[in-house]
Asker: 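Quick one: this structure, given as structure tokens, is what I'll be asking you about.
Whatever order the structure lists ligands and atoms in, that order sets their numbers, starting from 1.
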Amino acid sequence: MEPAVAFDNSYARLPDRFYAKLKPKPVKEPALIALNDPLAVELGIDPASLNSPESIAALAGNAVLEGSDPLAMAYAGHQFGGWSPQLGDGRALLLGEVIDKNGTRRDIQLKGSGPTPFSRMGDGRAWLGPVLREYIVSEAMAALGVPTTRALAAVATGEQVAREQVLPGAILTRVSTSHLRVGTFQYFAARQDVDGLRQLADYAIDRLYPLIKVGDDPYGTFLERVIQAQAALVSQWMGLGFIHGVMNTDNVSIAGETIDYGPCAFMDGFHPQRVFSSIDEGARYAYSNQPRIAHWNLVQFAQALLPLLDEDGEKAVEKAQTAIDIFPNLFQKNYLRIFNAKLGLSLIEEGDEERIEQLLKMMTKKQADFTQTFRYLANEDHPALASILEEEKIQNWLEELEIRRGRDASTLVEHGALMRNSNPAYIPRNHRIEQAIRAALEGDFAPFERLNEVLSNPYEEQAGAEDLAQPPEPKEIVQATFCGT
Ligand code: AMP
Ligand code: MG
């Protein structure tokens, strides 16, 4: 029989000190919650073969699929600004890699699969809530067009996990273009293991940015690529009102994907200083701080790469500094392009930044719903806009926008399409996610499935899904989100 998954495990061929190899810890009673058929197909896996008792056992960690060579990756990281020299996969195991339909190597990982040598005090498990949450939000991100890790499957374990309460356990199968993080590089740099650092960088370049290998400065270019990828990613988050919540360096992907859906949230009522994470007491990772934090995280990355950038220490620092100094400008360009597209503008000119700022100020004043405001704008529903913002101010602003549009390259039809493809009707709203989790705890997975279905097509209004486009009622507003670890 053909193996269900055609593994080819390049990370497992790196030296021993890059990981700890171990098997997942079996659970009591695996039961499938969700299987992402289109993603399976994209990965070259027959969805039917994943839906067999043997495969479901493997997705719960009760069996190891043929060709899989499970391991927990070692990494370090700055958490809320504080340095942790040893983190690593404490509740995750890389099962192996596959080459997808596009020829891209993808990691397949279990999250919640039991303790590893990196678990510290944790139990290595996850409860149902965060697993469903990550499933919904990461898949929605993909549908919104944002680089992200994906969710291939969710299974219930039939076991209980102890958090503030005792809750049902679950395991997520996560797919990424690579789980390498800034923290993986910091791990080797902090140990002054320059050989390891170089092997890691060569591995990352081969896998993620193969074309730069032929240039005359692969490591310098690698640094630039990672900086560019983060500038692009974080500007996309900003354009959707997304707050990551734990932008620690161990949660910054070298592939430029959104990773680690803990206490993340899409904003409803807009405020630039909005924070959801219950553990982010200093508001370090507030919405409008995200670009600055991304910059800070990239400085840590550049620092870790120093030994590779030049043999001469001073020259290495100079090179790192030059690369890192590009970030603010690069971010701003991406940000303007994204927000201009939200206004139906395809070019950028002087004064655009101010125009965006004016709108955001009006939204802040009324705590207007981020997604709804921009969708009204996309649908040219000016009365609706006037009803949620200050009427006279928004009318003036819209008149100015109309004049500005006259100078833009796009036609009326083009700017309508640009706006509707830049301003989603649906995002995974916090209160809907919580409702789906509450229902699932009662054994009803229909709201979870409905949410996934509607969010798979976020830029088009869908008949019968009007409720999912609405902001929360005052009593439904979610004020805080939790890591769920
Ligand atoms: P995160 O906040 O998810 O980025 O996790 C930070 C670190 O804590 C990572 O090394 C995780 O693997 C580890 N961790 C989080 N939750 C658990 C858990 N329940 N058991 C063991 N390790 C965990
Ligand atoms: Mg993490």
Asker: Checking side-chain contact (heavy atoms from CB on, under 4.5 Å) for the pair Gln160/Lys28: CA distance, chi angles, key distance, verdict?
Answerer: CA-CA 10 Å; Gln160 304 285 310; Lys28 202 164 140 201; over 6 Å; no

Asker: Enumerate the atoms of ligand 1 whose separation from the nearest heavy atom of Gln79 is less than 4.0 angstrom.
Answerer: 6 (C)

Asker: Between Glu97 and Arg106, does any NZ, NE, NH1 or NH2 come within less than 4.0 Å of an OD or OE carboxylate oxygen?
Answerer: no

Asker: N/O to N/O below 3.5 Å, does that happen between Arg120 and ligand 1?
Answerer: yes

Asker: If you measure from the Lys or Arg side-chain nitrogens to the Asp or Glu carboxylate oxygens, is any gap between Arg105 and Asp206 under 4.0 Å?
Answerer: no

Asker: Which part of Met73 is near ligand 1, with near meaning a heavy atom under 4.0 Å away: side chain, backbone, both or neither?
Answerer: neither

Asker: Using distance alone, determine whether Gly90 and ligand 1 share an N or O pair under 3.5 Å.
Answerer: yes

Asker: State the atoms of ligand 1, each with its element, that fall below the 4.0 Å cut-off from a heavy-atom position in Asn251.
Answerer: 4 (O)

Asker: Could you check Phe18 against Tyr203 for ring-ring contact (aromatic ring centres under 6.0 Å, His included), going step by step and ending with a plain yes or no?
Answerer: CA-CA 12 Å; Phe18 282 59; Tyr203 175 85; 8.2 Å; no

Asker: Please confirm whether Arg163 comes under 4.0 Å of ligand 1, counting heavy atoms of the residue only.
Answerer: yes

Asker: At a threshold of 2.8 Å, where the distance has to be below it, does the Mg ion (ligand 2) have an N, O or S atom of Asp260 nearby?
Answerer: yes

Asker: Could you check, using the six-membered ring where one of them is a Trp, whether Phe370 and Phe266 have ring centers closer than 6.0 angstrom?
Answerer: no

Asker: Any chance the rings of Phe301 and Phe222 have centres within less than 6.0 Å?
Answerer: yes

Asker: Could you tell me whether the side chain of Ile171 reaches within less than 4.5 Å of the side chain of Val131, counting heavy atoms only?
Answerer: no

Asker: Hey, is the Mg ion (ligand 2) within less than 2.8 Å of some N/O/S atom on Asn251?
Answerer: yes

Asker: Quick one: do Asp123 and Arg163 make a salt bridge, cutoff under 4.0 Å?
Answerer: yes

Asker: Side chain, backbone, both or neither: which part of Tyr75 comes within less than 4.0 Å of ligand 1 when only heavy atoms are counted?
Answerer: side chain

Asker: Mind checking whether Asn248 contacts ligand 1 via backbone (N, CA, C, O), side chain (CB onward), both or neither, at a 4.0 Å heavy-atom cut-off?
Answerer: neither

Asker: Please report whether ligand 1 has a polar contact with Val246, defined as an N or O pair separated by less than 3.5 Å (distance criterion only).
Answerer: no

Asker: Give yes if a backbone or side-chain nitrogen or oxygen of Gly124 is under 3.5 Å from a nitrogen or oxygen of ligand 1, and no if not.
Answerer: yes

Asker: Between Arg125 and ligand 1, which residue portion shows a heavy-atom distance shorter than 4.0 Å: side chain, backbone, both, or neither?
Answerer: backbone

Asker: Purely on distance, is any nitrogen or oxygen of Asp123 under 3.5 Å from one on ligand 1?
Answerer: yes

Asker: Are more than 12 heavy atoms, taken from residues, nucleotides or ligands other than Lys23, located less than 6.0 Å from that residue's NZ atom?
Answerer: no

